[in-house]
Enquirer: 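Here it is, the structure, as structure tokens.
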Amino acid sequence: MPAEYEILNLAKTPLPLGVVDKVDADLDTRLNNRFLDLRKEEIFTIFRVRNVVLRKARAFLQDAGFEEVNTPKIVAAGAEGGSTLFTLDYFGKPAYLAQSSQLYKQTLMASGFDRVFEIAPAFRAEESDTVRHIAEFTSLDVEMSFANSSEDVMNVLDAMICQILASLDAEMGDEIREMNPDFKAPEGNLRKITFAEAKEMLAGAGKNLEGDLDTEAEKVLGQIIKEKFDEDIYFITDFPSELKLGTFYARRVDDNPELTGYFDMDYRGQEIVSGGMREHRYDILIKQMEEAGLDPGAFDFYLKTFQYGMPPHGGFGLGIERLVQMILNLSNIRECVLFPRDMHRLEP
RNA sequence: GCCCCGGUAGUGUAGUGGCCUAUCAUGGAGCCCUGUCGAGGCUCCGACGUGGAUUCAAAUUCCGCCCGGGGCGCCA
């Protein structure tokens with residue numbers, strides 16, 4: 001209890017949003033009045049958790065010899081074709097908002113930055129109107145040279161996630177469990193299942209897959225793993241190359257080009273990371289770009305770097321909001337963004 | 001972008017053609033009560049997204065638009 005208090009400012013009434021009301025407000029109403037919404041302790045806690053996640057991720061990566069970098073967010077070409085790019089007028093020239101740091105962090109691999117990471121916004125003009133998509137999200141990108149296999153990349157990610165969650169549990173475990181009673185930090189050595197195994201597990205549950213994992217399949221797989229192993233976080237590895245054609249920079253398995261070394265990390269059926277070994281051989285990269293229907297000419301700056309000594313390398317991209325959403329079991333990803341941007345929301 | 005659902009006081013809701021000058025809760029204003037800490041009682045305040053249409057009569061039916069919710073495709 002305060003010994004004394006002084007009124008510095010009187011609030012106008014009525015409030016656009018109750019801060020201590022017994023009635024909950026809709027998320028939309030709350031976001032429209034976010035400055036008041038954030039005064040609620042349980043809402044503020046979400047951002048304290050987010051802060052710890054970012055702090056621990058940085059600490060882990062710095063300790064593991066990764067250097068933090070910043071790459072441009074105004075770019076001339078995207079990593080995955082044009083459909084998800086926001087366009088803008090750059091001094092009279094067409095330009096885009098970066099949908100990922102992919103091309104630049106790979107470029108750095110040819111520059112002697114053997115291990116880099118970046119935590120920065122990524123922009124997607126996807127018409128994805130769901131509780132797990134936003135148009136501007138925070139991407140944690142990691143890239144490392146001289147990785148020999150996807151395993152090397154997964155090991156870094158595995159250790160990072162486990163350290164983040166263990167630290168979170170130690171610092172804020174009780175508060176987190178008030179929001180998500182089932183929160184539990186994994187022991188380490190996260191489970192890896194191949195895409196083919198996932199397909200079998202799903203078939204066993206009566207869900208037969210035609211092509212890639214769809215949303216329902218991902219959720220069911222999350223439930224299966226939870227029931228069978230009581231685990232929340234796992235890798236899905238060895239994606240078929242035909243499912244990753246758009247990801248032209250993915251390296252395929254040398255003795256089995258039907259497969260990529262690409263992996264996803266899923267958290268209770270929600271994809272939070274995607275990564276793998278990158279194709280570092282110029283000729284093959286060009287070929288894969290053409291297969292993806294892209295014009296190599298538009299990627300000159302990127303392709304050039306592969307012609308003067310590019311080490312084999314790999315990395316991953318992690319969606320910070322997706323991770324926080326799953327840690328706290330938030331029903332909507334917008335809950336863990338201060339001022340979210342989506343198809344319909346541009347302010348506040 | 002596609003499918004389904006919805007838009008009623010500051011906030012969350014009830015209300016499917018006349019009984020609605022619209023319910024309840026929360027909130028605000030005020031009075032009362034009370035050794036308290038999101039206590040209780042009473043009074044008051046405050047709303048039918050928007051534009052058309054049907055009808056003697058529309059919050060309630062129909063159409064357009066805007067906005068929101070859920071799901072899907074796709075992905076971080």
Enquirer: Name the pairing partner of B/G46, where a pair is Watson-Crick or G-U wobble with both distances under 3.5 Å, or state none.
Expert: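 Its partner is none (no Watson-Crick or G-U wobble pair with both distances under 3.5 Å).
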
Enquirer: Which whole-number value in Å describes the distance from A/Gln99 CD to B/A76 P?
Expert: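 Rounded to the whole Å, the gap is 9 Å.
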
Enquirer: Counting only heavy atoms not in A/Glu216, do more than 12 fall under 6.0 Å of its CD?
Expert: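 Counting other residues, nucleotides and ligands, CD of A/Glu216 stays at 12 neighbours or fewer.
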
Enquirer: Applying ring pair (Phe, Tyr, Trp, His ring centres under 6.0 Å), can you list everything that pairs with A/Phe60, at least two apart in sequence or on another chain?
Expert: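 Here no residue qualifies.
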
Enquirer: Does the protein touch nucleotides 6-13 of chain B at the base, only the backbone, or not at all? Give it as B, S and - per nucleotide, heavy atoms under 4.0 Å.
Expert: ----BBS-

Enquirer: Check whether the side chain of A/Glu271 and the base of B/C74 form a donor-acceptor pair under 3.5 Å.
Expert: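 For A/Glu271, whose side chain was compared with the base of B/C74, there is no donor-acceptor pair (under 3.5 Å).
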
Enquirer: Starting at CZ of A/Arg50 and ending at P of B/A76, how long is that distance when rounded to a whole Å?
Expert: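 The answer, rounded to whole Å, is 17 Å.
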
Enquirer: Counting only distance, no hydrogens or angles, is the base of B/C67 paired donor-acceptor with the side chain of A/Arg345 under 3.5 Å?
Expert: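 Not at all, since no donor on one side and acceptor on the other fall under 3.5 Å apart.
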
Enquirer: Considering only B/C72, B/C75, B/C74, which nucleotide approaches the side chain of A/Thr130 most closely?
Expert: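 Nearest listed nucleotide: B/C72.
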
Enquirer: Kindly point out which of B/A76, B/C74, B/G70 is positioned nearest to the side chain of A/Ser128?
Expert: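 The answer is B/C74.
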
Enquirer: Would you name the heavy atoms of A/Ser331 and A/Val131 that are closest together and state the gap between them?
Expert: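 For A/Ser331 and A/Val131, the tightest heavy-atom pair comes out as O-CB, 3.4 Å.
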
Enquirer: Nearest whole angstrom, please: distance from the P of B/C75 to the CZ of A/Phe137.
Expert: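 Distance check: A/Phe137 CZ to B/C75 P gives 12 Å.
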
Enquirer: For A/Glu216 and for A/Leu318, find the nucleotide of RNA chain B with the closest heavy atom, then tell me which residue's nucleotide is more 5'.
Expert: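 It is A/Glu216 whose nearest nucleotide is closer to the 5' end.
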
Enquirer: It should be established whether A/Lys244 places a side-chain nitrogen or oxygen under 4.0 Å from OP1 or OP2 of nucleotide B/C75.
Expert: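 Checking A/Lys244 against B/C75: no side-chain N or O falls below 4.0 Å of OP1 or OP2.
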
Enquirer: With C1' as the reference atom in both, quote the distance from B/A22 to B/G15 in angstrom, rounded to an integer.
Expert: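 One C1' to the other, the span is 8 Å.
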
Enquirer: Take atom P in B/C33 and the same atom in B/G69, then report the distance between them in whole Å.
Expert: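 Each nucleotide's P atom is 47 Å from the other's.
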
Enquirer: Pull out every protein N or O sitting under 3.5 Å from an N or O of nucleotides 2-4 of chain B, one pair per line with the distance.
Expert:
none

Enquirer: Tell me which nucleotide, if any, is Watson-Crick or G-U wobble paired with B/G40 when both distances must be under 3.5 Å.
Expert: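 Because both required distances fall under 3.5 Å, B/G40 counts as paired with B/C32.
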
Enquirer: Figure out the CZ/P separation between A/Phe86 and B/C75, and round it to whole Å.
Expert: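 Result: 17 Å.
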
Enquirer: Name every donor-acceptor pair, under 3.5 Å, that has one atom in a side chain of residues 303-315 of chain A and the other anywhere in the protein, sequence neighbours excluded.
Expert:
unit_1   : atom_1 : unit_2   : atom_2 : d
A/Thr305 : OG1    : A/Tyr302 : O      : 2.6
A/His313 : ND1    : A/Pro311 : O      : 2.9
A/His313 : NE2    : A/Gln106 : NE2    : 2.9

Enquirer: Hey, can you pull the donor-acceptor pairs under 3.5 Å for the side chains in residues 332-341 of chain A, sequence neighbours left out?
Expert:
unit_1   : atom_1 : unit_2   : atom_2 : d
A/Asn332 : OD1    : A/Arg334 : N      : 2.9
A/Asn332 : OD1    : A/Arg334 : NH1    : 2.9
A/Arg334 : NE     : A/Asp342 : OD2    : 2.6
A/Arg334 : NH1    : A/Thr130 : O      : 3.0
A/Arg334 : NH2    : A/Asp342 : OD2    : 3.2
A/Glu335 : OE1    : A/Arg30  : NH2    : 2.8
A/Glu335 : OE2    : A/Arg30  : NH1    : 3.0
A/Arg341 : NE     : A/Leu346 : O      : 3.4
A/Arg341 : NH1    : A/Leu346 : O      : 3.4
A/Arg341 : NH1    : A/Pro348 : O      : 3.1
A/Arg341 : NH2    : A/Leu346 : O      : 3.0

Enquirer: Checking A/Phe316 now: which residues fulfil ring pair (Phe, Tyr, Trp, His ring centres under 6.0 Å) with it, not counting sequence neighbours?
Expert: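 If we apply the ring pair (Phe, Tyr, Trp, His ring centres under 6.0 Å) test to A/Phe316, skipping adjacent residues, there are no hits.
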
Enquirer: Which value, in whole Å, describes the distance between the C1' atoms of nucleotides B/A9 and B/C24?
Expert: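 Result for the C1' pair: 12 Å, nearest Å.
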
Enquirer: Just to verify, what does A/Tyr104 make a ring pair (Phe, Tyr, Trp, His ring centres under 6.0 Å) with, not counting sequence neighbours?
Expert: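 Ring pair (Phe, Tyr, Trp, His ring centres under 6.0 Å) list for A/Tyr104, sorted by chain: A/Phe301.
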
Enquirer: Taking atom C1' of B/C75 as reference, at what distance in whole Å does atom CD of A/Glu136 sit?
Expert: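 Value for this atom pair: 17 Å.
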
Enquirer: Please state the P separation for the pair B/C20 and B/A39 - nearest whole angstrom.
Expert: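 Roughly 34 Å separates the two P atoms.
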
Enquirer: Under a 3.5 Å cut-off for both contacts, is B/C75 paired Watson-Crick or G-U wobble with anything, and if yes, with which nucleotide?
Expert: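 B/C75 is paired with nothing.
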
Enquirer: Considering only the P atoms, how many Å lie between B/G10 and B/A57, rounded to the nearest integer?
Expert: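 Going atom to atom, P in each nucleotide, I get 30 Å.
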
Enquirer: List the atom pairs, donor and acceptor, that lie under 3.5 Å between side-chain atoms in residues 173-188 of chain A and the rest of the protein, sequence neighbours left out.
Expert:
unit_1   : atom_1 : unit_2   : atom_2 : d
A/Glu175 : OE1    : A/Arg48  : NH2    : 3.2
A/Glu175 : OE2    : A/Arg48  : NH1    : 2.7
A/Glu175 : OE2    : A/Arg48  : NH2    : 3.4
A/Arg177 : NH1    : A/Asp169 : OD1    : 3.3
A/Arg177 : NH1    : A/Phe183 : O      : 3.2
A/Arg177 : NH2    : A/Asp169 : OD1    : 2.8
A/Asn180 : OD1    : A/Asp182 : N      : 3.3
A/Asn180 : ND2    : A/Ile327 : O      : 2.9
A/Lys184 : NZ     : A/Asp230 : O      : 2.9
A/Lys184 : NZ     : A/Asp230 : OD2    : 3.1

Enquirer: In terms of heavy-atom contacts, does CG of A/Asn189 have more than 12 from other residues, nucleotides or ligands at under 6.0 Å?
Expert: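 Not more than 12 within 6.0 Å, no.
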
Enquirer: So which nucleotide does B/A25 pair with, by the Watson-Crick or G-U wobble rule with both distances under 3.5 Å?
Expert: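 Its partner is B/U11 (Watson-Crick or G-U wobble, both distances under 3.5 Å).
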
Enquirer: Heavy atoms under 4.0 Å, any strand shown: does A/Leu140 hit a base, just sugar-phosphate, or nothing?
Expert: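 It contacts nothing in the nucleic acid.
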
Enquirer: How far does the P atom of B/G40 sit from the matching atom of B/A47, given to the nearest Å?
Expert: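 26 Å, rounded to whole Å.
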
Enquirer: Is there a Watson-Crick or G-U wobble partner for B/U54 with both distances under 3.5 Å, and if so, which one is it?
Expert: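 B/U54 is paired with nothing.
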
Enquirer: I need the CZ-P distance between A/Arg334 and B/A76, as an integer number of Å.
Expert: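 Distance check: A/Arg334 CZ to B/A76 P gives 17 Å.
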
Enquirer: Would you say that more than 12 heavy atoms from the other residues, nucleotides or ligands in this model lie under 6.0 Å from the CD of A/Glu291, or not?
Expert: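 For A/Glu291, atom CD is crowded (more than 12 foreign heavy atoms under 6.0 Å).
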
Enquirer: So does A/His344 reach the base of B/C67 with its side chain, donor to acceptor, closer than 3.5 Å?
Expert: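 No pair found.
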
Enquirer: Please determine whether any donor N or O and acceptor N or O are separated by less than 3.5 Å between the side chain of A/Thr215 and the base of B/C74.
Expert: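 Side chain to base: pair present.
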
Enquirer: For atom P, what is the distance between B/C3 and B/G64, given to the nearest Å?
Expert: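 Those two atoms are separated by 12 Å.
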
Enquirer: Nearest-Å distance, CG (A/Asn33) to P (B/G27)?
Expert: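 The answer, rounded to whole Å, is 18 Å.
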
Enquirer: Who pairs with A/Tyr262 by ring pair (Phe, Tyr, Trp, His ring centres under 6.0 Å), at least two apart in sequence or on another chain?
Expert: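 With sequence neighbours excluded, A/Tyr262 shows a ring pair (Phe, Tyr, Trp, His ring centres under 6.0 Å) to no residue whatsoever.
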
Enquirer: Across all strands shown, which nucleotide pairs with B/G6 by Watson-Crick or G-U wobble geometry, both distances under 3.5 Å?
Expert: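 By the stated definition (distances under 3.5 Å), B/C67 pairs with B/G6.
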
Enquirer: Among the nucleotides B/A76, B/G68, B/C75, which one has an atom lying closest to any side-chain atom of A/Ile333?
Expert: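 Among B/A76, B/G68, B/C75, the one nearest the side chain of A/Ile333 is B/A76.
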
Enquirer: Using both distances under 3.5 Å as the test, list the Watson-Crick or G-U wobble partner of B/A59, or none.
Expert: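 Its partner is none (no Watson-Crick or G-U wobble pair with both distances under 3.5 Å).
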
Enquirer: Please give, in whole Å, the distance from B/G38 C1' to A/Glu41 CD?
Expert: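 Distance, rounded to whole Å: 13 Å.
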
Enquirer: Determine, stepwise, if the pair A/Phe229 / A/Arg191 fulfils side chain to side chain contact (heavy atoms under 4.5 Å, CB included).
Expert: CA-CA 9 Å; A/Phe229 307 109; A/Arg191 183 171 301 277; 3.2 Å; yes

Enquirer: With both distances under 3.5 Å as the test, what is the Watson-Crick or G-U wobble partner of B/G17?
Expert: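 For B/G17, the partner nucleotide comes out as none, under the 3.5 Å rule.
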
Enquirer: Identify whether any heavy atom of A/Glu218 sits under 4.0 Å from a base atom; if not, whether one sits that close to sugar-phosphate; answer base, sugar-phosphate or nothing.
Expert: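 Base, at least one base heavy atom under 4.0 Å.
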
Enquirer: Looking only at atom C1', what distance separates B/G41 and B/A14, rounded to whole Å?
Expert: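 After rounding to an integer number of Å, I get 25 Å for this pair.
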
